[in-house]
Amino acid sequence: MIRLILILVTIFYCITSFGQLKKITHPSEYSEAEIFINERGEKLSTVFRIKFAQKTIDLRNGKKTVQEEDISTEGVKKIFKKLKANFGEFSIEKQFPASNYGDTIGTHIITKKPVAIKDLSQFVKLRFKNIVCIDSVISFLKESPLFDAVYGPFAAVLLTNPNDFKPIEQWELVKINAPGAWNITTGSQQVKIGISDVWGSGNMPEDIHYELRGDKFEHVYTWWAKGHGSQVAGVAGCLTNNNQGYASLGYDAKLIFSLINPDYIDSLVDRGAKIINCSWYNPFGDQEDLRQLIFNCLNRGIIITAGAGNDQENVDEIGTIPVVPYPAAYNFPSIGKQVIAVTATSIYNNSETFGWPPDGDWNYSPATDPINDSTNSFVDFAAPGVSIPVLDATSINGYTLASGTSLSAPLVAALLGLMHSIYPELTPETAYTILKNTSEKVGTNDYNYVNNTWSPRMGYGRINAYKALKYTLENYGGTLTQSLTIPSGETWNFQPGVTVKFASGTSLIVNGTLNAVGNSNNSITFTRSGTSGTWGGIQFNSGSSGNLQYCDIYYASNGIYAYNSSPTIKHCTLENNGTAVYCDYFSSPVLVGNNIRYNTYYGIRTNSYSSPNLTDNGYPGSNVIRNNGSNGLYSTYNCNPNLNGYLTYGNSVFNNSGYEVAALYNCTVYAERVYWGSCPPPGGEFYSY
C-alpha cells in the first residue's frame with residue numbers, strides 16, 4: 001500500500017515556449033482578442049477582464065488608462081508586479097469609463113424613474129504585450145481575495161441565420177425549426193436531390209433564375225429556365241445566405257433537374273440522385289413503367305417524395321376528393337419501401353392547420369389503415385405548403401408567394417438531404433422511421449389510427465427538421481462538419497452502437513445534458529472524420545451534466561473537457577487524444593473503470609479546484625491510466641483528486657512517459673491501493689511543486 005500526498009508550494013505558470021499554435025476561428029464567432037490553442041490543448045490570448053473585490057481605482061471624467069499611481073490597494077500593486085514578472089508586460093484600462101465609483105442609481109429609459117444599478121467602476125482589462133496561457137493567468141489571480149472575477153477575452157458565438165432568411169416572411173422555416181437544423185448541418189453538395197418537374201423554355205445560362213445558378217445546380221439549358229420546376233427547386237435548395245431573395249432549407253444540397261417522364265427520372269438515378277422529388281401526380285393513375293421505375297429507385301436506396309394533392313380543382317382529373325394519386329401512393333410491402341407522400345399545412349386563424357380551409361378540403365387518404373391498406377391510406381407526413389415564398393415562374397430575378405403540396409414535398413426532400421449529409425447510409429426505410437418518430441401532431445385533425453399516431457389528412461404529423469436531425473444522430477450516428485451544441489435545458493440520448501464523427505476543429509459542446517450510455521457489447525464512439533486531424537472533443541460547460549458509459553473517444557485535443565461541470569464517466573476508452581480528461585474550475589467528475597491510454601499529453605489533467613473521484617466504490621473494475629505521452633495525472637491549483645482503491649487493488653497508473661502523478665500549487669492527491677507498475681514505485685515517478 002502506498003499513500004501519496006503531493007503538495008504544491010510555489011507558483012506555477014506556463015512555460016514561455018508554447019509549441020505549435022493554432023488560431024481558433026469560427027465563421028459565426030466574435031472575440032475581442034485573438035485566441036490560440038497549443039499542442040497541449042491550452043488556450044492563449046492577450047486580454048483579460050478583472051473585477052476588483054474592493055474599491056481599488058477611482059477614475060473620473062471618462063478616463064480610461066489606469067496607471068500604477070491610480071491603484072490605491074497595495075496588495076493589488078504587489079500581485080500585478082509578480083504577474084508581470086511571470087507573464088510579461090501588460091497595460092491596464094478601465095472597462096467602463098463612464099461608470100464612477102458609487103454609481104448605483106440609474107434612470108429608467110421609459111418611466112424616467114430611479115432604479116438600482118450595479119457599480120461597474122471596478123472592472124478593468126489587462127492587455128498583455130505577448131500571448132499568455134489563459135488558464136494560468138486566471139488561476140494566478142484567483143488565488144487572491146482582492147479579485148472578485150477574472151476572465152479571458154470576451155467571445156460570443158452568434159446565433160446566425162442565413163442573411164436572406166426572414167422569419168416574419170418565411171413561416172414555413174420557422175415552424176419546422178430550420179434554424180435549429182442549420183446549427184447541426186447546412187447540408188452537402190455531395191448529396192444530390194433530383195427535381196422531376198416541368199420547366200420553362202430557355203437555352204442559355206442567363207435564362208435561369210439568379211437563385212438557381214452556380215455550382216450548386218446541374219442544368220440542361222434546353223429546359224431549365226423558369227416555370228413550376230424552378231419554384232419547386234427553389235423551395236428545396238435555392239442559393240441561400242447570398243443576401244437576396246429568401247432562404248431554403250436545403251441550403252448546401254446540390255440539385256439536379258429532369259423532366260417528368262419516367263425515362264428522364266431514370267436519368268436522375270444515373271446522375272447520382274440520393275433523393276428525388278415529384279411535385280406532381282399522374283392523371284392516368286397507376287401505370288406500369290412509372291410503377292416499376294419507382295420500385296427500382298426505392299429498392300436501390302433512393303428516397304422519393306411526392307405531393308399528396310391540393311383542392312378539388314387540382315385533382316379533378318382523377319376523381320372526387322379523397323382520391324389516390326400516383327406516384328405519392330406507391331407502396332411496396334414486398335420490399336418494405338414506399339414513396340413519402342406529403343400533404344400541406346397553412347396558418348389559418350393564427351393556428352397551423354391542414355390544407356387551406358377557405359378552399360375547402362384538400363386531398364387526403366380515403367382509407368384509414370396505413371399498415372394493411374397502405375395504398376388507399378397513402379398520406380405519410382405534412383409540411384408547410386401555403387403562402388410560401390417562391391422564385392417567380394416567369395422572370396429571372398423575381399419572387400412571389402405560392403401554395404400547394406408541390407411546395408410541401410420539396411421541403412421534406414430538403415430535410416432528407418440534410419439527414420443524408422450527416423448519415424450517408426440513410427435508406428428509404430430509415431428515413432421513414434426517423435420522420436415518423438419526430439413529426440409533430442399539429443392541426444385539429446384526429447390522430448386516431450395506428451396507436452393514435454396517424455391521421456388520414458396529416459399522416460404522422462408535420463415534419464420538424466431539427467428533431468429529425470437530432471434523432472438521426474442519437475439513433476444512427478453520423479458525420480458532422482460543424483460543431484454540435486446541446487442547448488441548455490435540452491437532453492440528447494445517444495444509443496448503444498452509434499458512431500459520431502467530427503471534422504477537424506469541431507466539437508461536441510454540452511450546455512444541457514448529454515447521455516451516451518452504451519453497453520459492454522455495443523459501445524458509443526466519438527471520433528474524428530477522416531484519417532488525420534484533431535477534433536475538439538466533448539466539452540461540458542458550466543451548468544451542464546452528462547452520463548458517459550461504454551464510450552470510445554479518439555483523436556480529440558481534449559477527449560473530455562469539463563468546466564464547472566462534473567459528468568459521470570464509466571467504462572470508457574479514451575486514447576490517441578491530446579489530453580484524455582481535462583477537469584477545469586470546480587469540475588469533479590466520477591470516473592470508474594475507464595481505459596485512459598496512448599494520449600499525447602496527459603491522461604487526466606485537473607486545474608482550479610477540480611477534484612475528480614477515481615475510486616471504484618467496490619466495483620471490480622478500476623481506471624487504468626497508462627502509456628500516455630506526458631503525465632498520467634497532472635494537477636494544478638487547489639485540486640484534490642482521489643485515486644484511492646476500495647479493495648486490495650484499485651486504479652492502475654503506470655508506464656506514462658512523464659510522471660505517473662504530478663501535483664503543483666496547493667494540490668493533494670490521495671492515492672492508496674494503486675498499482676504503479678512496481679511496488680514500491682520509484683520516487684522519481686512522482687513530482688510535487
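All figures in this text were calculated on a predicted structure; none of them were measured in a lab. The figures that follow rest on heavy atoms only: side chains count, while hydrogens, waters and symmetry mates do not.
- One N or O on the side chain of Q312 and one on the backbone of I321 form a donor-acceptor pair closer than 3.5 Å.
- Note: Y348 and W356 meet the aromatic proximity criterion, with ring centroids under 6.0 Å apart.
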> What's the verdict on side chain to side chain donor-acceptor pair (under 3.5 Å) for N296 and N299, showing C-alpha distance, side-chain angles and the deciding distance?
Replying inline: CA-CA 5 Å; N296 290 345; N299 218 21; over 6 Å; no

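- If you look at F217 and H209, their ring centroids are not closer than 6.0 Å.
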> Taking it one step at a time, do L508 and F526 satisfy side chain to side chain contact (heavy atoms under 4.5 Å, CB included)?
Replying inline: CA-CA 9 Å; L508 172 50; F526 298 97; 3.9 Å; yes

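- Counting only distance, with no hydrogens or angles, the side chain of S248 and the backbone of V235 share a donor-acceptor pair below 3.5 Å.
- Separation of the W199 and F257 ring centroids falls under the 6.0 Å cut-off.
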>> Checking S532 against Y555 for the side chain to side chain contact (heavy atoms under 4.5 Å, CB included) test, could you report, in this order, the C-alpha distance in whole Å, the side-chain angles of both residues, the deciding distance, and whether it holds?
In response: CA-CA 9 Å; S532 62; Y555 302 110; over 6 Å; no

> Should D361 and R457 be marked as a salt bridge (charged side-chain N to carboxylate O under 4.0 Å, His left out) after you check the CA-CA gap, both sets of side-chain angles, and the distance that decides it?
Replying inline: CA-CA 9 Å; D361 228 347; R457 287 171 169 77; 2.7 Å; yes

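- The one candidate from T485, L418, L469 that meets the side chain to side chain contact (heavy atoms under 4.5 Å, CB included) condition with I184 is L469.
- S365 places no side-chain N or O within donor-acceptor distance of the main-chain N or O of A367, the cut-off being under 3.5 Å.
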Name every donor-acceptor pair, under 3.5 Å, that has one atom in a side chain of residues 378-394 and the other anywhere in the protein, sequence neighbours excluded.
unit_1: D380; atom_1: OD1; unit_2: Q338; atom_2: NE2; d: 3.0
unit_1: D380; atom_1: OD1; unit_2: Y432; atom_2: OH; d: 2.6
unit_1: D380; atom_1: OD2; unit_2: Q338; atom_2: NE2; d: 3.4
unit_1: D380; atom_1: OD2; unit_2: A341; atom_2: N; d: 2.8
unit_1: D392; atom_1: OD1; unit_2: T394; atom_2: N; d: 2.8
unit_1: D392; atom_1: OD1; unit_2: T394; atom_2: OG1; d: 2.7
unit_1: D392; atom_1: OD1; unit_2: S395; atom_2: N; d: 3.0
unit_1: D392; atom_1: OD1; unit_2: S395; atom_2: OG; d: 3.4

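- Counting non-hydrogen atoms of neighbouring residues, nucleotides and ligands closer than 6.0 angstrom, the NZ atom of K337 exceeds 12 such neighbours.
- The list of salt bridge (charged side-chain N to carboxylate O under 4.0 Å, His left out) pairs with a residue in residues 313-328, not counting sequence neighbours, is empty.
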>> Before you tell me yes or no, could you show the steps for D552 and T527 under side chain to side chain contact (heavy atoms under 4.5 Å, CB included), namely the whole-Å CA-CA distance, both residues' side-chain angles and the distance that decides it to 0.1 Å?
In response: CA-CA 8 Å; D552 300 328; T527 187; over 6 Å; no

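- The aromatic ring centroids of Y251 and W182 lie less than 6.0 Å from each other.
- The side chain to side chain contact (heavy atoms under 4.5 Å, CB included) with I276 is formed by just one residue from the set I195, I303, T305, I265; it is I265.
- No donor-acceptor pair closer than 3.5 Å links the side chain of E440 to the backbone N or O of T438.
- Judged purely by atom type and a 3.5 angstrom limit, S196 has no side-chain atom pairing as donor or acceptor with the backbone of C278.
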> Yes or no on salt bridge (charged side-chain N to carboxylate O under 4.0 Å, His left out) for K192 and E218, after CA distance, side-chain angles and deciding distance?
Replying inline: CA-CA 10 Å; K192 295 182 179 180; E218 289 184 6; 3.1 Å; yes

> Does the pair V324 and T375 meet the rule for a side chain to side chain contact (heavy atoms under 4.5 Å, CB included), with working shown?
Replying inline: CA-CA 8 Å; V324 178; T375 296; 4.1 Å; yes

